[in-house]
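Written out below as structure tokens is the structure these notes cover.
Small disclaimer: the values here were computed from a predicted structure and weren't measured. One-based numbering, in listed order, for ligands and for the atoms of each. We count residues from 1, following the sequence as given.
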Amino acid sequence: MFIDSHCHLPHGKYTKTTEQLIQDALSAGVTNIIAIGTSVKENESAIKTADSFGGVYCSVGIHVDEDRDKTTESLRQVLLEQLKYTKKIVAIGECGIDISEGENSRPIQDQINLFEMQIQLAIENNLSVIIHNRNGDDTVVRLLKQYVPQGLRAIAHSFSQSWEYAQQLLSLGAYLSFSGMITYKGRKNIAEIIQKMPLDRMLIETDAPYLPPEGFRGQPNEPKNVVAVAQKIAEVRVDTLEHIALQTYENTKTIFAVH
Ligand SMILES: [Zn+2]
């Protein structure tokens, strides 16, 4: 049994129905899926998916590039409402920092405010935070240092930074989640982290429909492909696929407090 700890379901990029994607995942041994919210609208559909299918959980959150016409306070009110919709919400996010050249996202201070609001909301509701981080390493560490003592539990989603940075996050109690990116030829640096880090802090994800693993590129990624991520980790750690599956399954249940 495998858990895909992070995918976008439903999403316009898929060519299969949600039902088919979940069925195909089940056939591949992927028994649990966490559907991630990124905007007011996507949160609604993630909640609906979780409520409609056994084994599917969801998160609610505002991605740094989404709902830019709304204030942080009004988004907080919406999230508070959405948290009441279902008991299958297991995290806040994805949220975080995205500093990409040429892209038109929120000014940095607005990004930090939005991120911090969601961290506080997670702590108040005893939920984990799923972190999206592109060129925001220092801010993420600063906020973790501030909020971990107050009860923040964090997951660094689709981790691809250095071993040095991984160590910083691990020392702050964070879990690191790996996607199909670890199978890409240009991303060999991630193997060092997978080898060295404690297995009990590792999660696996697809980030479907994005980041299809090697062998599946050129088509929308799917939750079933989380098996290929686990396979790569087993290979790098010289471990069995069964052990990686079981341990990441347990880790996901622990960090998201899923029973
Ligand atoms: Zn994502």
List the steps and the verdict of side chain to side chain contact (heavy atoms under 4.5 Å, CB included) for I34 and T252.
CA-CA 10 Å; I34 302 179; T252 310; 3.9 Å; yes
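Within the 2.8 Å limit, H8 places at least one N, O or S atom next to the Zn ion (ligand 1). Look at H157 and the Zn ion (ligand 1): no N/O/S atom of the residue is under 2.8 Å from the metal.
Of the possible polar contacts, one joining the R153 side chain to the I255 backbone as a donor-acceptor pair under 3.5 Å is found.
The Zn ion (ligand 1) sits nearest to atom OD1 when only the N, O or S atoms of D207 are considered. Distances from the Zn ion (ligand 1) to the N/O/S atoms of E94 are shortest for OE2.
Between K16 and D24, at least one side-chain N (NZ, or NE/NH1/NH2) sits under 4.0 Å from a carboxylate O, which counts as a salt bridge.
Each of H132, Q118, E116 was compared with C95 under the side-chain contact (heavy atoms from CB on, under 4.5 Å) criterion, and only Q118 meets it.
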